[in-house]
Amino acid sequence: MLLDGKLPESIVQALEALQRGELVGLPTETVYGLAADASNEAAVALIFKAKGRPADHPLIVHVASAVGARRFASDVPDFAHSLMDAFWPGPLTLILPRQPGVGAVAAGGQDSIGLRCPSHPVALALLKACEAQGIAGLAAPSANLFGRVSPTTAAHVQSELGTELLVLDGGACEVGIESTIIDCTRGAPVLLRPGHITRLHIAATCGLAVQGKDDRAGGLVGGVKGAAPRASGTLESHYAPNAKVSLMSLQAMSTALSALGPHANNLAVWSQQHPQADQIADAGEGHGSGVLWRQMPHKAVDAAQALFGILRGFDARGARQIWIETPPDTPEWEGVRDRLQRAAA
């Protein structure tokens, strides 16, 4: 069931559903989430079941403010406070030590928990309504089947999870890729998942170098000891459409298209420049001889906003292969590169 997320009665209906232990489709500035009361273990278990998600793969808990984070976090380092002050509400998740006995199912059984305060007005309105009624936070991973392309519209959610799910329609997501995840449990900021907020933003704000993820127990990365906690969206293969995704340079793409000639079928291409190949028609629709072309925006923020919609659109057009121009190797493109590399894994 789609509801206009901007109407107060819609927020009330969503709140009542959450109080009954049901799931709700929730718009955020990043992607749409599948939300449940983070303290209701049975409700959180429904999220894992609906998505087909392993129970040990943790969820991010959304809170109404930094004050709300205290309900779930046992300790917030000074540098994490700085990041909250600078980027909350916004597309930043912080991994913090978890309060004993709180949010264990949402945390996948770990002694840490991922927290964020979203900036989407509909999400904030619902979170504040929940807080007023004693629901401290909402566990809300992306509202799609596990490992698949994340939804950036309410229609995406319903097409994947069914029309019976109550979904607050907050329009298309502004950011378009999931939040940046920073591990704050090991004495320094460690980037677990890149996103709209870059490692340069993080370092400039907290005055500390941002370390890289370390998956080896007891390992050392940049002086940070210990293994990284498990976190959402960090598996090698993730964000995958039905079609096979391949990353390549524009030159390699053009060469391959020329080699295929008339045998190029059920192929979709997303690149900044038009590949020089006869099979691709004009740059507007670019559909001819079984090849569909869409132009990748030249700005990283625009490409991020379009990314998941492009992948879903190619699937809907019946593409069996998706060729994507490898994005620039610069900090602002890191989030887009990360999603594409996982989609292609």
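Nothing here was measured: the structure is a model prediction, and the numbers come from that model.
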Using the ring of each side chain (for Trp, its six-membered ring), is Phe146 parallel, tilted or perpendicular to His57, with breaks at 30° and 60°?
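Answer is perpendicular, since the angle exceeds 60°.
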Test item: side-chain donor near acceptor, [X] and [Y], under 3.5 Å:
X      : Y      : value
Arg148 : Asn242 : yes
His201 : Thr198 : yes
Ser179 : Thr93  : yes
Trp293 : Ser271 : yes
Gln321 : Ser246 : no

What closest approach, in Å, do [X] and [Y] show between heavy atoms, and which atom pair accounts for it?
X      : Y      : value
Asp315 : Ala243 : OD1-N, 3.1 Å
Ala86  : Thr205 : CB-CG2, 3.5 Å
Ile95  : Thr185 : O-CG2, 3.5 Å
Arg337 : Pro328 : NH1-O, 2.9 Å
Leu124 : Cys117 : CD2-SG, 3.9 Å
Ile177 : His196 : CD1-N, 4.4 Å

Quick one: does [X]'s side chain get under 4.5 Å of [Y]'s, heavy atoms only?
X      : Y      : answer
Pro189 : Cys184 : no
Met248 : Glu325 : no
Leu145 : Arg53  : no
Val190 : Ile182 : no
Ile11  : Leu126 : yes
Val76  : Met84  : yes
Phe72  : Ser39  : yes
Val175 : Gln305 : no

If you measure from the Lys or Arg side-chain nitrogens to the Asp or Glu carboxylate oxygens, is any gap between [X] and [Y] under 4.0 Å?
X      : Y      : answer
Arg193 : Asp338 : no
Arg312 : Glu160 : yes
Glu332 : Lys299 : no
Arg116 : Glu29  : yes

Taking [Y]'s backbone N and O only, do any of them form a donor-acceptor pair with [X]'s side chain (distance below 3.5 Å, no angle check)?
X      : Y      : result
Gln272 : Met296 : no
Thr180 : Gly195 : yes
Asn265 : Val291 : no
Lys51  : Pro141 : no
Asp75  : Pro97  : no
Arg339 : Gly335 : yes

To the nearest 0.5 Å, what is the distance between CG (Leu247) and CD1 (Ile324)?
6.0 Å
When you look at CG of Asp111, are more than 12 heavy atoms from neighbouring residues, nucleotides or ligands closer to it than 6.0 Å?
no
Check the surroundings of atom CD in Glu22: do more than 12 heavy atoms from other residues, nucleotides or ligands lie under 6.0 Å from it?
yes
Which of these passes ring pair (Phe, Tyr, Trp, His ring centres under 6.0 Å) with Phe308: Trp270, Tyr239, Phe314, Tyr32?
Tyr239
